[in-house]
A.B. asks: 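Sending over a structure as structure tokens; questions will come in a sec.
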Amino acid sequence: GAEGASERGAVDATPKDANVRTRVHEYGGGAHLLTPKGVVYSDFKSQRLFLAPAGGGDAVCLTPESAWPDGQYRFADARLTPDGRHLVCVREDHSPTADAKPSAVL
């Protein structure tokens, strides 16, 4: 079996310290997406999107850092465009001047 696999063959696809959840829609939307390049996921603490590369390696942050402790922007429900070149997702803006209405971002 794979290195570090459970007795059933399961292997973690995200870093050990990742908490794959999102606060979009308050209850949480889709928090991850499997892609040919790896797993795109929303980290609960920062609400930022990351890519955990297929085959291992350090996760890469895909969204900007926020001055807000729990993230100004929250991301969920990511999908690839049919040609696989772009990631589309729902983003909520939780800054004081926004009303947290979801919008689609590319």
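All values below were derived from every heavy atom in this structure, side-chain atoms included, with hydrogens, water molecules and symmetry-related copies excluded. All residue numbers refer to positions in the sequence shown, counting from 1.
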A.B. asks: For Asp83 and Arg85, indicate whether the former's side chain and the latter's backbone hold a donor-acceptor pair under 3.5 Å.
C.D. replies: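 Looks like yes, one N/O pair under 3.5 Å.
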A.B. asks: Do Thr63 and Phe75 pass the side-chain contact (heavy atoms from CB on, under 4.5 Å) test, and can you show the C-alpha distance, the side-chain angles, and the key distance before you say yes or no?
C.D. replies: CA-CA 9 Å; Thr63 54; Phe75 300 90; 3.6 Å; yes
A.B. asks: Among Leu51, Val39, Asp43, exactly one meets side-chain contact (heavy atoms from CB on, under 4.5 Å) together with Thr14. Which residue is that?
C.D. replies: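 Only one of Leu51, Val39, Asp43 forms a side-chain contact (heavy atoms from CB on, under 4.5 Å) with Thr14, namely Val39.
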A.B. asks: Can you get from Leu33 to Phe50 by hopping between Ile, Leu, Val, Met, Phe, Trp and Tyr side chains that sit under 4.5 Å apart?
C.D. replies: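 No.
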A.B. asks: Over all heavy atoms of both residues, which pair between Asp77 and Gly30 is shortest? Give the atoms and the distance, please.
C.D. replies: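 Nearest heavy atoms, Asp77 then Gly30: OD1-N, 2.6 Å.
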A.B. asks: Please test Glu65 against Arg48 for side-chain contact (heavy atoms from CB on, under 4.5 Å), starting from the C-alpha separation and ending with a verdict.
C.D. replies: CA-CA 8 Å; Glu65 189 170 357; Arg48 295 171 76 189; 3.8 Å; yes
A.B. asks: Search all heavy atoms of Gly57 against all heavy atoms of Pro53 and return the closest pair with its distance.
C.D. replies: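 Between these two residues, the closest heavy atoms are O-CD, 4.0 Å.
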A.B. asks: Same cluster or not: are Leu62 and Tyr73 linked, directly or through other Ile, Leu, Val, Met, Phe, Trp or Tyr residues, by side-chain heavy atoms under 4.5 angstrom apart?
C.D. replies: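 Linked within one cluster.
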A.B. asks: Go through it in stages, so that I can follow the logic: the residues are Asp93 and Gln72, the test is side-chain contact (heavy atoms from CB on, under 4.5 Å), and I'd like the CA-CA distance, side-chain angles, deciding distance and then a yes or no.
C.D. replies: CA-CA 6 Å; Asp93 184 346; Gln72 173 182 350; 3.3 Å; yes
A.B. asks: Report yes if some heavy atom in the side chain of His86 is under 4.5 Å from a heavy atom in the side chain of Leu80; otherwise report no.
C.D. replies: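 Counting from C-beta outward, His86 and Leu80 never come under 4.5 Å.
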A.B. asks: Closest heavy-atom contact between Ala54 and Pro36?
C.D. replies: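 In terms of heavy atoms, the two residues are closest at CB-O, 4.1 Å.
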A.B. asks: State, yes or no, whether a side-chain contact exists between Cys89 and Arg79 at a heavy-atom distance under 4.5 Å.
C.D. replies: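 Cys89 vs Arg79: side chains apart.
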A.B. asks: Quick check: does any side chain N or O of Thr22 sit under 3.5 Å from a backbone N or O of Ala76, one acting as donor and the other as acceptor?
C.D. replies: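 No, because the side chain of Thr22 does not come within donor-acceptor range (under 3.5 Å) of the backbone of Ala76.
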A.B. asks: Please step through side-chain contact (heavy atoms from CB on, under 4.5 Å) for the pair Leu87 and Thr81, ending with a clear verdict.
C.D. replies: CA-CA 6 Å; Leu87 182 74; Thr81 56; over 6 Å; no
A.B. asks: Taking C-beta and beyond as the side chain, do Arg91 and Arg74 meet within less than 4.5 Å on heavy atoms?
C.D. replies: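 SC-SC contact between Arg91 and Arg74 ruled out.
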A.B. asks: For Arg21, give me all partners under side chain to side chain contact (heavy atoms under 4.5 Å, CB included), at least two apart in sequence or on another chain.
C.D. replies: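 Counting only residues at least two positions away or on another chain, Arg21 forms a side chain to side chain contact (heavy atoms under 4.5 Å, CB included) with Asn19, Phe44.
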